[in-house]
Amino acid sequence: MSDKKKEKDAPNPYKETLHLPVTEFPMRASLTEREPQRLAKWEAEGLYQQIQEKRRGSRKFILHDGPPFANGDVHMGTALNKILKDLVVKSKTMLGWHAPFVPGWDCHGLPIEFRVVKESTGLTPVEVRRRSEEYARKYIDIQRNSFKRLGVFGDWENPYLTLDPGYEADIIRVFAKLVEQDLVYRMKRPVLWSYGAGTALAEAEVEYKDKVSPAIYVSFALASANLPAALEGANLVIWTTTPWTLPANLGIALHPDFDYVVGEFTNAENIAARFVVAKSLLNEFATKTGFSLVTELAQMKGREFVGLETQHPFLPRTSKVINGLFVTADTGTGQVHIAPGHGADDYQAGRENGMEILSPVDGRGHYTAEVGLPDLVGKHVFQANEPIIALLTEKGALLARESYAHQYPHCWRSKTPIIFRAVEQYFIRVEQIRSKALEEIDRVKWLPAWGRNRIYGTVESRPDWCISRQRTWGVPLPVFYHADGTPVVSAEVARKVADIIEQVGTNAWFEKSDAEWATLVGLPEGAVKGNDTLDVWIDSGCSHVAVLDRHPELHSPADLYIEATDQHRGWFQSSLMLSVVARGAAPYKSVITHGFVVDTSGKKVSKSDQGNDKNAKPMTADHYYNKYGADLVRLWVSSVDYQNEVPFSEELFQQASESYRRLRNTLRVLLGNLDGFNAAEDAVEADQLTLVDRWILSQLENLKQECREAYDAYDFRKVFVLLNQFCAVDLSALYVDITKDRLYCDATSGLRRRATQTAIHRITDALCRLLAPILSFTADEAWEYLGHQTSVHLEDFPELDPSYVNPEATAAVQELLKVRAVIQQAIEKARQEKRIGSNLEATVELTLPESGFQHPVFEALPTLEEFFILSVLTIKRTDASEPSAVVLESPHQKCARCWKHVPAVGHQPHADLCDRCDEAVA
RNA sequence: GGGCCUGUAGCUCAGUUGGUUAGAGCACCGCCUUGAUAAGGCGGGGGUCAAUGGUUCGAGUCCAUUCAGGCCCA
């Protein structure tokens, strides 16, 4: 090692003559401080409105916002969703479209009502609704602030709310259309019922508690004519923990694939009988009832029993034998008692098998006359278990009884056990719109493509849509009842209701008396309004009517919907169905779905996990934009494959930070090198550009085109990768590194220097535009430092200019890079051996094969030295097949200004300078 | 249990119609630089392509099964 290497370099006396990068654009982003300032600036300038004004008249692109529920803070999943939408809106805008974005909120529904009712009991419906609205509006404000803070552009001052009177009126008008098309019917259906509170409950209002119930084995004698010999005189046997539902028994379900044994059984008292029992449960049956199998007469599959009938044990009617996949073999007999009015599976099975929905129980839990047993009428169902068991014993149908401890649902308020009770509900006849809906599915573009199958399967198999809810915080189901209880389900009446609601809101439904309403809608005296509200999926499913059709800036069908994959069954489906009803077509032209946010081990993360796991990471967006900044949240979104589950962790934010720093520092050095450059005066003509300039601008053209295409295909991840690679590889490692020498050391107005500044100017301009949708804050900030007074968000993506596409330069640089790799390896070896430090201390003897590397640049030593960042390069050609390089310590003096070790150093007048620097200083 | 989907380096992802030693960025390790400096450059290590079986001259890429995970149902 030379002595001069060890010497501490004296301060460069020529430093003042260098053109080092100068810019106020800070290296440190300080996003959490700067972003709010920029946000305030945008708001003060009315940037969103400016964008709308500027784009008015351009072709329109409508991304319709699916309304998040106005409950809780913005979760990372919600942030992902909104940022994806924003990436679409911003990129479509910069691609030349007019893409207004009207955000919305879903305001009605149980979770809010539940919260309100939990806080204080005994509220009137009007008060529940008042507080629910207050609650919803509070969270709308919270969420709106988060979305804005994340840099999402939209008409935040005029969002759509499903509680707006106009919106509510449109929901009711859609209901009128449903009625008009004869799609609405009324039918009993079992619901979770609290006899203590006298009301229907939702799943969320049920608490599971321990309860001991009587569990009984009951035999049902087969009663069909022409039974197979083995089944003559045989009995099916069911096991149930709700004896009180037996009066409503209308069927017995067997699993189609289970094996059932038909046989002669006897017990300790030598009573013999012929039973059917699931084979796998024979032992349990014997233990519990005392009846053990003596003679097996036959084995049959469950499906072979279908169509038979049994005699009801104490009522004068028969029960149907059916199959059901819900039948299990854990307990009982593999045969399930079916009371369609008292259970969800029972109901489904009952409907599929043409059974009545019998539910002889009133709202207080007492039997009605329908029960068929005079002694039981008026008795509470839980008081009826013993009399029924006694009756079964008397009829000889009771084979065994036991006490059974299990988790049983209880009402969260009255704490009483809940029962399944069938009440009248309203349904949409899906069958009548199904085929049209399926047709429409194939007219929509689904991204990813498998989304088509997902929703198709859902629509294909979905049962009729139950649209009534026994709730308060919702849009009223606009039906009335005559004094005799006859329902009035009328499109005309519904439209009158809608017109009134439009003026005063749905609270009026609850505030005005029945008599007032009857008068208003023209019904005879004595008519009363219904108490049901509409399923909230009707609310959001009407947005294409209540928002797209109503809002002057928007149109229907929308060009695009974007939501998480759960919405195939949810909003995408409800919107499709109601749009088929309202306009005979799908409400969207294309649909994008994204995955759910999962942690790095691939497990889902949800709000509910937060409470249970004390180590759980924060999952609300505010934590992340307050800690890292919105641009980092946005960069994270752009970096993932959103069509799958989206991995999320604090570690990923560290990773995004690294990418961010690279992007930011690249912008910074570009801006710094533009110091003193006036594009209008100093830019050079294209034909004056040097090889590397032509090459980088050709790369830039490529980047522009690929980014445009990726944005157009909603492939933000690809944009992220392209921009990262361009900044890290093409710019940072190559172009900027190579051109430092000319930028810093050449004369201010030197042609090479100006050529590179010209290129850098083009590059920086393009980068700011291409980055704008993703790094909305940072790109705008850099744009400002580029000398612009207005926001980058008012600009288009950079236009393609094919004249800069330069295959010749690209081919040359590709060859140069191959050689560069060889040289760098040789230099690295020398460096590891401590023979040299920086590249400029080396002299490289390059050997090239005779063939290949024929580009004229290989004859231009100064260009090669610059490209490889070397002081001195020599080349010889041999018959070797691959290039090779030998690295020697340079024998030349170091130029005090540019640090190159070249022969020119040592001449007068500046003995410590090379010729180039001598000229530059002069 | 059913429907739809996913499983490639520590992390996030590329891998065209099956065909040379499976790629990128980040992270990691070592070196250089101190004129992008709470920056920058160079070099390097790292993958049984979830597993098993099959089709094929040849499979990360096709088929089957299994395992793990997600959404929606039951």
Side-chain angles (χ1 to χ4, degrees), chain A residues 9 11-12 14-15 18-23 25 27-28 255 257 324-326 328 344-345 348 448-458 460-463 564-570 573 593-605 636 638-641 643-649 651-652 654-662 664-673 717-718 720-729 731-734 736-738 740-741 743-745 820-821 823-834 836-841 869 897-899:
Chain A
D9 281 324
N12 183 348
Y14 298 96
K15 193 152 179 173
L18 294 171
H19 312 294
L20 298 182
V22 177
T23 176
F25 184 75
M27 171 176 285
R28 301 259 305 176
H255 195 290
D257 299 326
L325 295 175
F326 54 86
T328 65
D345 285 336
Q348 188 62 28
W450 52 257
R452 181 265 176 201
N453 288 345
R454 183 97 190 254
I455 191 168
Y456 199 92
T458 304
E460 209 170 21
S461 63
R462 74 151 300 152
T565 56
D566 58 337
Q567 300 304 329
H568 280 121
R569 173 165 277 270
Q573 195 206 191
T593 49
H594 64 258
F596 276 63
V597 173
V598 299
D599 68 24
T600 35
S601 63
K603 295 269 171 51
K604 70 163 179 184
V605 285
W636 162 68
S638 76
S639 75
V640 296
D641 173 15
Q643 298 195 338
N644 272 308
E645 295 102 67
V646 176
F648 170 80
S649 67
E651 183 195 339
L652 280 180
Q654 298 298 344
Q655 198 168 314
S657 303
E658 295 301 328
S659 298
Y660 177 84
R661 297 222 298 261
R662 167 69 77 175
R664 186 176 181 92
N665 276 314
T666 304
L667 287 172
R668 181 164 183 269
V669 73
L670 295 177
L671 289 168
N673 280 322
R717 150 96 199 154
K718 186 166 184 188
F720 170 84
V721 170
L722 288 168
L723 290 172
N724 266 313
Q725 307 235 19
F726 183 76
C727 287
V729 180
L731 285 178
S732 199
L734 293 172
V736 173
D737 212 29
I738 289 167
K740 269 179 192 169
D741 176 72
L743 286 169
Y744 299 173
C745 304
R820 190 179 106 114
I823 293 174
Q824 290 292 7
Q825 277 165 11
I827 288 177
E828 186 57 28
K829 188 160 172 284
R831 190 157 29 228
Q832 298 287 343
E833 291 164 359
K834 303 290 178 193
I836 59 158
S838 80
N839 273 23
L840 292 176
E841 291 169 22
I869 315 181
R897 185 164 174 273
C898 73
W899 295 348

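Labels below follow one simple rule: chain letters A, B, ... track the order of the sequence lines, proteins then strands, and each chain is numbered from 1.
Rounded to whole Å, the separation between the C1' atoms of B:rG60 and B:rA22 comes to 8 Å. The C1' atoms of B:rC28 and B:rU12 are separated by 16 Å, rounded to the nearest whole Å. On the P atoms, B:rG30 is 33 Å away from B:rU21, given to the nearest whole Å. Nucleotides B:rG53 and B:rG23 are separated by 26 Å at their P atoms, to the nearest Å. For the C1' atoms, the distance from B:rA50 to B:rU8 is 10 Å, rounded to whole Å. For the P atom pair drawn from B:rU61 and B:rU55, the interatomic distance equals 15 Å after rounding to whole Å.
You'll find that the side chain of A:Asp566 is closest to B:rC72, out of B:rC72, B:rC11, B:rC13. Nearest to the side chain of A:Ser838, among B:rC32, B:rC13, B:rC71, sits B:rC32. Residue A:Asp641 places its side chain closer to B:rC13 than to any other of B:rC31, B:rC13, B:rC71. The A:Ala733 side chain lies nearest to B:rC42 when the options are B:rC5, B:rC42, B:rA36. If you check B:rG70, B:rC71, B:rA38 against the side chain of A:Thr565, the one that comes closest is B:rC71.
RNA chain B is contacted by both A:Thr666 and A:Asp737; A:Thr666 maps to the nucleotide lying nearer its 5′ end (nearest heavy atom per residue). Ranked by how close their nearest RNA chain B nucleotide is to the 5' end, A:Thr458 and A:Gln824 are led by A:Gln824.
Remark: A:Lys740 engages A:Asp737 in a salt bridge, criterion side-chain N to carboxylate O under 4.0 Å. The residues A:Lys829 and A:Glu833 are annotated as salt-bridged, a charged nitrogen and a carboxylate oxygen being separated by less than 4.0 angstrom.
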Interface polar pairs with nucleotides 28-30 of chain B, N/O, under 3.5 angstrom:
{"unit_1": "B:rG30", "atom_1": "N2", "unit_2": "A:Glu828", "atom_2": "OE2", "d": "3.0"}

N/O to N/O distances under 3.5 Å, protein versus nucleotides 22-25 of chain B:
{"unit_1": "B:rA24", "atom_1": "O2'", "unit_2": "A:Gln725", "atom_2": "OE1", "d": "2.6"}
{"unit_1": "B:rA24", "atom_1": "O2'", "unit_2": "A:Gln725", "atom_2": "NE2", "d": "2.2"}
{"unit_1": "B:rG25", "atom_1": "N2", "unit_2": "A:Gln655", "atom_2": "NE2", "d": "3.1"}

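Residue side chain A:Arg668 does not reach the base of B:rA36 through any donor-acceptor N/O pair under 3.5 Å, judged by distance alone. A donor N or O paired with an acceptor N or O is not found under 3.5 Å between the base of B:rC5 and the side-chain atoms of A:Arg454.
At the phosphate of B:rG41, OP1 or OP2 sits under 4.0 Å from a side-chain N or O atom of A:Ser732. Between A:Lys718 and B:rA14 there is no side-chain polar atom (N or O) within less than 4.0 angstrom of OP1 or OP2. For B:rC32, the OP1/OP2 oxygens have a side-chain nitrogen or oxygen of A:Lys834 closer than 4.0 Å. A sub-4.0 Å separation between OP1 or OP2 of B:rA36 and a side-chain N or O of A:Tyr744 is present.
One can place CD of A:Glu645 at 10 Å from P of B:rC13, the figure rounded to the nearest angstrom. Atom CZ in A:Phe648 sits roughly 18 Å away from atom C1' in B:rC13 (whole-Å rounding). Atoms CD1 (A:Ile455) and P (B:rC71) sit 19 Å apart, rounded to a whole Å. Counting to the nearest Å, the C1' atom of B:rG44 and the CD1 atom of A:Ile827 are 17 Å from each other. Put simply, CG on A:Asn453 is 16 Å from C1' on B:rU6, counting in whole angstrom units. Atom pair A:Leu20:CG and B:rA39:C1' shows a separation of 14 Å (rounding to whole Å applied). What separates CD1 of A:Ile869 from P of B:rG35 is a distance of 15 Å, to the nearest Å. Here B:rA74 presents its P atom at 20 Å from CG of A:Asp257, a figure rounded to the nearest Å.
Of the inter-residue distances, the one linking A:Glu651 atom CD with A:Gln654 atom CD reads 8.5 Å to the nearest 0.5 angstrom. Note that CZ of A:Arg454 is 9.0 Å distant from CZ of A:Arg569, once rounded to the nearest 0.5 Å.
Nucleotide B:rC62 has B:rG54 as its partner under the Watson-Crick or G-U criteria, with both atom distances under 3.5 Å. Checking B:rG7 for Watson-Crick or G-U wobble geometry (two distances, each under 3.5 Å) identifies B:rC67 as its partner. Pairing partner, B:rG1: B:rC73, with both Watson-Crick or wobble hydrogen-bond distances short of 3.5 Å. Checking B:rG30 for Watson-Crick or G-U wobble geometry (two distances, each under 3.5 Å) identifies B:rC42 as its partner. In this structure, B:rA24 and B:rU12 make a Watson-Crick or G-U wobble pair, each of the two defining distances being under 3.5 angstrom.
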Step-by-step side chain to side chain contact (heavy atoms under 4.5 Å, CB included) determination, A:Val736 to A:Leu670
CA-CA 8 Å; A:Val736 173; A:Leu670 295 177; 4.3 Å; yes
Could you walk me through whether A:Phe648 and A:Val598 satisfy the side chain to side chain contact (heavy atoms under 4.5 Å, CB included) test, starting with their C-alpha distance in whole Å, then the side-chain angles of each, then the deciding distance to 0.1 Å, before giving a yes or no?
CA-CA 6 Å; A:Phe648 170 80; A:Val598 299; over 6 Å; no
Using the side chain to side chain contact (heavy atoms under 4.5 Å, CB included) rule, take A:Ser638 and A:Arg717 through it: C-alpha gap first, then chi angles, then the decisive distance, then the call.
CA-CA 5 Å; A:Ser638 76; A:Arg717 150 96 199 154; over 6 Å; no
Using the side chain to side chain contact (heavy atoms under 4.5 Å, CB included) rule, take A:His594 and A:Thr565 through it: C-alpha gap first, then chi angles, then the decisive distance, then the call.
CA-CA 6 Å; A:His594 64 258; A:Thr565 56; over 6 Å; no
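Checking side-chain atoms of A:Arg831 against main-chain N and O of A:Gly837 turns up a donor-acceptor pair under 3.5 Å.
In this structure, A:Lys740 reaches the bases: a heavy-atom distance under 4.0 Å links it to at least one base atom across the strands shown. Residue contacts shown for A:Arg462 are absent, as no nucleic acid heavy atom lies under 4.0 Å away.
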